Each structure stands twice: as structure tokens, then as C-alpha cells.
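Remember, predicted model here, so these are calculated numbers, not experimental data. Here is how names work: the chains are called A, B, and so on, in the same order as the sequence lines, proteins then strands, and each is numbered from 1.
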Amino acid sequence: MKSNPLFLPAALLVALAVSPAFAAAPAVSDAQIAQIVVTANSIDIANGQIALKQSRTASVDEFANLMIKDHTAVNASATALVTKLGVKPEACDTIKSLQSAADTEQAKLRAMNGSAFDRAYLENEVAYHKQVLGAISDVLIPNAQNAELKKMLVDVKPAFQAHLEHAQHALAALGTH
Amino acid sequence: MGRAWHVCVLGAGLVAGAVAGAACAADAAEARSITIEMHGQSFVPNRIEVVAGTHITWINEDDMPHSVTAADNRFDSGPVPAGKSFEWTAEGKGTFDYHCIFHPSMTAVLSVADGKRSTQPDAGPPQHAAVNQP
């Protein structure tokens, strides 16, 4: 992946991998896991909405639309599940860090356009999905106590993996233009 | 045949391939062989009723892998690469949600009705398929 100095995934690394809740796999409650899932999906929905405004590249728009659709669906499933389970999503420092990092990156994206935007957006999508996949595998699934919540996390992993691969292919395709 | 979706009816001596839209949807419950497209990250049609014993083929017309995975795991294609298909013969009676494990927004509903209905004229009026076109 070609590095873009303006848009490194470091912020997400900080939010997901280095923050206190994700660094050493400490206990995270089901309520916090539920909120992390919703926040992580909402961030990528927002990223996609920015892409639809800033990009004029068909493949980028297609990817952004897919992210919006899929992450909206995951959020709907997560919300339905936590409602059924009677779990009230709960904020924590990880969520604040995640959202803060996303705010910063999205501000950078909004200031970009053209091919620079396309590359920055897709690089961020690659980095973001890698980090979220890592968090799901290493933190969220091991800490989930409720079996249905754990199953939802397991079930959603293939989607994040597919999104990652899609973003990587879209990014590689940009390199030929 | 429109690209949006098609259902091929092969059962009961009836061959009706090139039909689309409401007429085709109405025949779906009587079908013995149908095709469902995976197209534009959607199952098309995304809601259909078939009779038990119907042979269903899902064709992936997108340029990315999909899956055909029942919520209760009664069928699961695993990854279906672009251009490939998955086949399953409807068994059991009921309404089954299914989805693509790679694209959570890609959901659909398959209803399987009693297979006797289409072969017994006295069983009452046919229960036509409910199809929601995108």
C-alpha cells in the first residue's frame, strides 16, 4: 500500500490497538462491546458518506455505497440484538478514543478531493478494517460474555474481511490510473 | 429476459423461461426449478415462495464473492466466487431467512410451502409468491 503522509492509520491504531481497552485485552463488558460495535460501524458509514460527496470515481462510490449499506445492516442487527438481550450500550474510553480519532481523520478527508482523496479514503478503509478485525478477534470476541453477542461478532468477521479485501483491490486499481 | 431477475419454471410439464415481472412472480410458488440472482449486492428476487422439492440455483453475477447462508444453517454455500453458482433443493416447510456472510446488507427470505399443493387441484387457489423487486 502506498503511504500517504497526510492520512496514516496511526489514529485508528491509537484508538483500537493502543487504547487502554484494546492494548492488553482487558475485560470489556458486553454493554461496552455493543457500543464499540455500533460506534465502529457508524464511523465507517460516515466515512462512506464523505466519499460519496468528495469522490467522482465510480469504483470508490461503489465501495462507499457498499460500506454504508453493510455497516448500516450490522448496526441494525447489533441494535436488535442488544435490545433483545436488554443490554444498554455503554460508553467507555475506547469509544471516545475511537470517535476522536475518526473525527480527526474525517476532517482530513473532507479537505481533500480528486485522486488524493480516493487514495486517502481507501488507505484508511484498509487500515480501519484491519484494526477492527484485530479488535474483534483479540478483544471483543474473547471478552463477550453473552453467547448471542459472541456469535454476532464471529458472524460479522467474514464481512469485515471481505470489505478489507475489496478496499485493497480498489486501492490497487487506483494505482493503474 | 431482464437482467434484474428471472425465474425459470420447469415443473408440471410447464416450461416458461422468458418471463419476468409479476407474471413470473406469480408462478414461482408452482415452480420446480428456479434461479435467484446475486446481483448488485442483492438477492434478486429477495423474497420468494417455492414448493417443497423445488431445485433452487443461486447465480453470483457480481464481481465479488458472495454466500448463500441460512440463518438456521439449513443451507450454506460457503464462498460462491463471481460467476459461480450454488444449488439447493428446498426441503421442509417454513420461512427461512438467509444472507451473504460477506455482505450483511444482503438478505432475503425463502418460503417453502407444502409440495402437495401444486399437484392437487382441489387444494384451493394457489398461494402466489410474494416478490419484492428492488
Side-chain angles (χ1 to χ4, degrees), chain A residues 37-38 40-42 44-45 48-49 52 58-82 84 122 125-126 129 132-133 136 141 147-149 151-173, chain B residues 3-5 36-48 58-88 94-111 130-134:
Chain A
V37 169
V38 170
N41 281 293
S42 297
D44 210 43
I45 292 167
Q49 289 167 337
L52 292 182
S59 61
V60 173
D61 280 359
E62 181 188 14
F63 178 80
N65 273 314
L66 183 59
M67 293 306 101
I68 292 169
K69 278 174 56 180
D70 278 354
H71 288 290
T72 298
V74 173
N75 265 357
S77 297
T79 301
L81 177 60
V82 297
K84 173 188 166 190
L122 291 173
E125 289 298 296
V126 169
H129 282 87
V132 173
L133 273 166
I136 291 171
I141 291 174
E148 288 185 80
L149 180 61
K151 182 179 184 303
M152 186 201 75
L153 294 166
V154 170
D155 287 349
V156 82
K157 272 187 68 182
F160 277 87
Q161 183 64 42
H163 290 174
L164 169 61
E165 291 169 10
H166 192 157
Q168 288 170 327
H169 290 151
L171 184 60
Chain B
R3 180 169 174 75
W5 67 279
I36 297 174
E37 294 180 0
M38 294 181 272
H39 174 68
Q41 294 95 47
S42 297
F43 292 104
V44 186
N46 67 358
R47 191 175 189 91
I48 194 165
W58 284 267
I59 298 178
N60 183 0
E61 297 194 342
D62 276 335
D63 58 2
M64 61 191 74
H66 288 309
S67 83
V68 183
T69 306
D72 64 359
N73 290 320
R74 73 175 45 229
F75 52 85
D76 184 4
S77 66
V80 180
K84 300 297 183 182
S85 62
F86 169 66
E87 299 179 15
W88 181 73
T95 298
F96 311 111
D97 295 329
Y98 67 96
H99 62 280
C100 168
I101 62 169
F102 306 116
H103 301 99
S105 61
M106 206 169 152
T107 62
V109 178
L110 172 68
S111 295
V131 177
N132 295 330
Q133 293 197 55

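- Per-residue heavy-atom pair counts under 4.5 Å with chain B were compared for A/Ala159, A/Ala76, A/Ala73, and the maximum is reached by A/Ala159.
- For chain B, the nearby part of A/Ala162 is the side chain; its heavy atoms alone come within less than 4.5 Å.
- Between B/Val80 and B/Trp58 the shortest side-chain heavy-atom distance does not fall below 4.5 Å.
- Taking 4.5 Å as the limit, every side-chain heavy atom of B/Ile59 sits out of range of all side-chain heavy atoms of B/Ile36.
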Check the pair A/Leu149 / A/Val37 against side-chain contact (heavy atoms from CB on, under 4.5 Å), numbers first and verdict last.
CA-CA 10 Å; A/Leu149 180 61; A/Val37 169; 5.7 Å; no
Would you list the atom pairs in which one atom of chain B and one of chain A form a donor-acceptor pair under 3.5 Å?
from, atom 1, to, atom 2, distance (Å)
B/Gln41, O, A/Lys69, NZ, 3.4
B/Ile101, O, A/Ala159, N, 3.4
B/Ser105, N, A/Asp70, OD1, 3.0
B/Ser105, OG, A/Asp70, OD1, 2.5

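- B/Ile48 is not listed as a side-chain neighbour of B/Phe43, based on a closest heavy-atom distance of 4.5 Å or more.
- Between chain B and the residues A/Leu66, A/Val156, A/Val74, the most heavy-atom pairs under 4.5 angstrom are made by A/Leu66.
- Side-chain contact between B/Leu110 and B/Phe75: present, with at least one pair of heavy atoms (C-beta onward) separated by less than 4.5 Å.
- Within the 4.5 Å cutoff, no side-chain heavy atoms of B/Val68 are placed close to those of B/Trp88.
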